[in-house]
Enquirer: 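Pasting a structure below so you can have a look.
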Amino acid sequence: MRGLLGAVLAGRGVLFGALACAALGLPLLHSSAARSETLEEALVKTYTTNPDLAAERAALRASDEEVSQARAKWRPSLNATASYELSSESEKKGATHYDSRSRNWSTELVAEQPLLTSGRNGAARRIAEAHVQAARARLRGREQRVLLEAATAFATVVRNEAILDLVRSDIVLLQDLLKEIGGRHDTGKATETDVDQVQASLE
């Protein structure tokens, strides 16, 4: 009987020690959250709602816009201007009154096509494309880190739940053992020390 008691108490120490390490080294998460969604659902939710990923995607879109602006420098441009002028004059000579009005308008249309920029436009385009590649690399790296952290947190919750279930089973076992030890103590088959050990473990 004492051998069984010692094994149970030793197992209790290992289980509670593992639970303490998990609680100290990892963030506490609500157990119902892991049970209500799968790992795939948790990763999808993280991928679509994480603010860091949203910021990196916005930076990538801004870099893409730089490429469009750099390429636009090679395209032809068309500028149009127009003007309109209305003038009126009045003159009186003796009994005669003269009124004169004139209208003037003009338009100008200018088309430009860059032919030689001494490499300036090409360099601007290459720089913009390099910025896009860098932004994509940053986004991929951030995605990997965020998804890894989400998967680790999910696995931690599952592991802690399993440890907690083991601890609960251990408590039930100790409660049953305490009843059995109490009965054996009443009949003189167990010592007071055996009862105190089980009670201390439950406390």
Side-chain angles (χ1 to χ4, degrees), residues 11-84 107-172:
R12 179 200 64 81
V14 172
L15 288 173
F16 276 96
L19 182 60
C21 292
L24 291 174
L26 296 163
L28 295 177
L29 300 175
H30 200 281
S31 61
S32 62
R35 292 175 179 172
S36 62
E37 61 184 6
T38 64
L39 175 59
E40 181 179 359
E41 292 171 344
L43 293 179
V44 170
K45 183 178 180 180
T46 300
Y47 185 81
T48 56
T49 61
N50 186 271
D52 293 337
L53 294 182
E56 291 294 344
R57 295 187 188 107
L60 178 58
R61 289 193 295 270
S63 299
D64 287 335
E65 183 62 24
E66 292 179 4
V67 175
S68 300
Q69 294 175 359
R71 290 177 176 175
K73 295 179 180 180
W74 287 103
R75 298 168 184 167
S77 60
L78 186 65
N79 297 320
T81 59
S83 63
Y84 178 78
T107 59
E108 182 180 8
L109 187 63
V110 178
E112 296 181 354
Q113 171 63 57
L115 297 178
L116 181 63
T117 62
S118 300
R120 184 176 62 253
N121 289 355
R125 179 179 56 81
R126 288 191 294 271
I127 291 174
E129 291 175 347
H131 288 169
V132 171
Q133 295 298 326
R136 289 176 179 173
R138 287 193 299 268
L139 177 59
R140 286 193 296 268
R142 184 59 62 88
E143 286 175 346
Q144 292 175 358
R145 289 193 297 271
V146 168
L147 293 179
L148 178 59
E149 291 172 357
T152 302
F154 187 92
T156 299
V157 172
V158 174
R159 184 191 66 181
N160 288 349
E161 287 180 349
I163 294 175
L164 184 58
D165 290 340
L166 290 175
V167 172
R168 288 171 176 168
S169 300
D170 186 49
I171 291 174
V172 173

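When a residue number appears, it is its place in the shown sequence, counting from 1.
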Enquirer: Roughly how far apart are Gln69 CD and Asp64 CG, rounded to 0.5 Å?
Expert: 11.5 Å
Enquirer: Could you check whether any side-chain heavy atom of Leu164 comes within less than 4.5 Å of a side-chain heavy atom of Asn160, counting everything from C-beta outward?
Expert: no
Enquirer: Suppose we screen for side chain to side chain donor-acceptor pair (under 3.5 Å). Which residues come up paired with Thr48, at least two apart in sequence or across chains?
Expert: none
Enquirer: Kindly give the heavy-atom pair with the smallest separation between Leu43 and Ala151, and that separation in Å.
Expert: CD2-N, 4.0 Å
Enquirer: Working to the nearest 0.5 Å, report the span between CZ of Arg140 and CG of Leu60.
Expert: 9.5 Å
Enquirer: Please report the closest heavy-atom contact between Tyr47 and Leu147, naming both atoms and the distance.
Expert: CB-CD2, 4.3 Å
Enquirer: Is any side-chain heavy atom of Leu166 closer than 4.5 Å to a side-chain heavy atom of Asp170?
Expert: no
Enquirer: By the side chain to side chain donor-acceptor pair (under 3.5 Å) test, which pairs, at least two apart or in different chains, include something from residues 49-63?
Expert: none
Enquirer: According to salt bridge (Lys or Arg N to Asp or Glu O under 4.0 Å), who are the partners of Glu129, at least two apart in sequence or on a separate chain?
Expert: Arg71, Arg125
Enquirer: Could you give the distance from CD1 (Ile163) to CZ (Arg168), rounded to the nearest 0.5 Å?
Expert: 12.5 Å
